[in-house]
Protein chains: 2
Amino acid sequence: MASDDFPVPDMSDVALVDVLRAVGDPIRLSIVRVLADGRPHPKCSEEWGFGVHKSTMTHHFRTLRKAGLTQTTVTGRTHTVELRRAELDARFPGLIDAITSG
Amino acid sequence: MASDDFPVPDMSDVALVDVLRAVGDPIRLSIVRVLADGRPHPKCSEEWGFGVHKSTMTHHFRTLRKAGLTQTTVTGRTHTVELRRAELDARFPGLIDAITSG
DNA sequence: GGGATTGTTGGATGATCGTCCAACGGTAGG
DNA sequence: CCTACCGTTGGACGATCATCCAACAATCCC
């Protein structure tokens with residue numbers, strides 16, 4: 001399973017309403033707020049202390065990626081996820097700030 | 001049916017994730033963008049040119065109100081809806097701007 | 001009062017969503 | 001090779017959601 005198996009939409013194709021729907025879930029919003037530090041995070045990180053099943057996390061990470069919020073990099077058997085910060089800031093100015101502040 | 005029949009949550013009780021979920025729908029996002037002009041708008045306004053049933057609009061207006069985004073004023077047989085702009089800006093700085101710009 | 005306007009309520013329906021589980025597939029390390 | 005680890009896939013299930021429809025309620029105007 002390579003990084004190519006996690007395609008990302010063109011940011012110009014990303015609709016605001018889809019971004020909002022993606023972050024309109026407690027777990028996904030928490031993920032985005034952690035990712036807002038700008039660094040890549042492993043999917044298995046202990047930071048995600050939600051009490052949900054592995055496959056549920058897979059579902060949430062996929063939802064965020066397909067909504068244009070994140071991108072996944074595969075290195076060996078670990079996956080790291082990262083916020084598409086610069087692109088998001090260019091497309092939706094102030095949105096990520098507003099969502100992740102506080 | 002008076003204005004008291006449309007209770008509004010305390011802004012301090014409003015969670016960001018609920019606001020985001022409320023606005024994560026095409027129709028409700030459009031409503032909020034129209035309301036962003038700061039003026040009250042009648043619920044029956046022609047501005048809402050979505051091809052949906054009356055009761056569907058009732059559902060969306062209720063969803064927005066319960067999420068803390070709007071407030072309703074009843075005058076006679078017409079209802080006007082209004083964005084709780086100042087309160088929202090104080091609670092979630094930059095959010096409404098980010099959502100309604102562009 | 002009678003009819004038209006404005007909007008809500010309740011129920012029904014089909015779709016989507018969040019979650020879990022079992023099974024599978026690479027990858028790394030002994 | 002064999003095992004442990006990391007993560008995905010597919011299916012299943014209950015809950016929520018957006019929508020429509022019919023019926024109702026309140027208000028305004030003639």
Side-chain angles (χ1 to χ4, degrees), chain A residues 1-8 15 17-32 34-35 40-82, chain B residues 1-8 15 17-32 34-35 40-82:
Chain A
M1 184 134 322
S3 297
D4 300 353
D5 294 322
F6 298 91
V8 147
V17 68
D18 294 325
V19 172
L20 294 173
R21 170 165 299 179
V23 292
D25 173 90
I27 290 187
R28 289 194 296 265
L29 180 56
S30 297
I31 293 175
V32 168
V34 170
L35 261 39
H41 291 251
K43 284 184 180 172
C44 72
S45 173
E46 302 305 322
E47 294 175 285
W48 334 112
F50 321 112
V52 294
H53 199 274
K54 278 188 308 177
S55 56
T56 302
M57 292 304 292
T58 294
H59 162 66
H60 287 308
F61 282 125
R62 183 178 43 216
T63 301
L64 287 173
R65 175 175 49 82
K66 297 224 271 204
L69 279 157
T70 61
Q71 61 191 16
T72 295
T73 307
V74 177
T75 51
R77 86 187 141 180
T78 68
H79 301 189
T80 67
V81 64
E82 189 176 354
Chain B
M1 182 133 327
S3 297
D4 301 354
D5 295 321
F6 298 90
V8 147
V17 67
D18 293 325
V19 172
L20 294 173
R21 170 165 297 178
V23 98
D25 173 90
I27 290 186
R28 290 195 294 267
L29 179 57
S30 296
I31 293 175
V32 168
V34 169
L35 261 40
H41 291 252
K43 285 184 180 172
C44 72
S45 172
E46 303 304 322
E47 294 174 286
W48 334 111
F50 322 112
V52 294
H53 199 273
K54 277 188 309 176
S55 55
T56 301
M57 292 304 293
T58 294
H59 161 66
H60 286 308
F61 282 125
R62 181 178 46 216
T63 301
L64 287 173
R65 174 175 49 83
K66 297 224 268 207
L69 279 157
T70 61
Q71 60 192 15
T72 295
T73 307
V74 177
T75 51
R77 91 189 136 176
T78 67
H79 301 189
T80 67
V81 65
E82 189 177 355

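Computed from a prediction, not measured in an experiment: that's the story for all the values here. Side chains included, hydrogens not; waters and symmetry mates left out as well; all remaining heavy atoms used. Proteins come first, then strands; the chains are lettered A, B, ... in the order of their sequence lines, and each starts at number 1.
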> If we only count heavy atoms from C-beta on, is the I31(B) to M57(B) side-chain gap below 4.5 Å?
Replying inline: yes
>> For nucleotides 9-23 of chain C, give me one character per nucleotide, 5' to 3': B if any protein heavy atom sits under 4.0 Å from the base, S if the only such contacts are to the sugar-phosphate, - if neither.
In response: B--------SBBB--
> Starting at NE2 of H41(A) and ending at P of dG7(D), how long is that distance when rounded to a whole Å?
Replying inline: 14 Å
> Rounded to the Å, how far apart are W48(A) CH2 and dG7(D) P?
Replying inline: 11 Å
>> Can you see if the side chain of H79(A) gets near the phosphate of dT8(D) - specifically, an N or O under 4.0 Å from OP1 or OP2?
In response: yes
>> Over all strands shown, is F6(B) touching base, sugar-phosphate only, or nothing at heavy-atom distances under 4.0 angstrom?
In response: sugar-phosphate
> So, is the end of the K43(B) side chain (NZ or CZ) under 6.0 Å from the ring centre of F6(B) and within 45° of the ring's axis?
Replying inline: yes
> In whole angstroms, how far is the P atom of dT8(C) from the CZ atom of F61(B)?
Replying inline: 8 Å
> Between P7(B) and K66(B), is any pair of side-chain heavy atoms under 4.5 Å apart?
Replying inline: no
> dT8(D) P sits how many Å from L64(A) CG, rounded?
Replying inline: 12 Å
> Atom OG1 of T58(A) and atom NZ of K54(A): how far apart are they, to the nearest 0.5 Å?
Replying inline: 8.0 Å
Could you list the donor-acceptor pairs under 3.5 angstrom formed between side-chain atoms of residues 17-30 of chain A and any protein atom two or more places apart in sequence or on another chain?
from: R21(A); atom 1: NE; to: G24(B); atom 2: O; distance (Å): 2.9
from: R21(A); atom 1: NH2; to: G24(B); atom 2: O; distance (Å): 2.9
from: D25(A); atom 1: OD2; to: I27(A); atom 2: N; distance (Å): 3.0
from: D25(A); atom 1: OD2; to: R28(A); atom 2: N; distance (Å): 3.2
from: R28(A); atom 1: NE; to: A22(A); atom 2: O; distance (Å): 2.6
from: R28(A); atom 1: NH1; to: H60(A); atom 2: ND1; distance (Å): 3.1
from: S30(A); atom 1: OG; to: P26(A); atom 2: O; distance (Å): 2.9

> Checking only heavy atoms, does the side chain of R77(A) share a donor-acceptor pair with the base of dT27(C) at less than 3.5 Å?
Replying inline: yes
> V81(B) versus Q71(B): any side-chain heavy-atom pair under 4.5 Å?
Replying inline: no
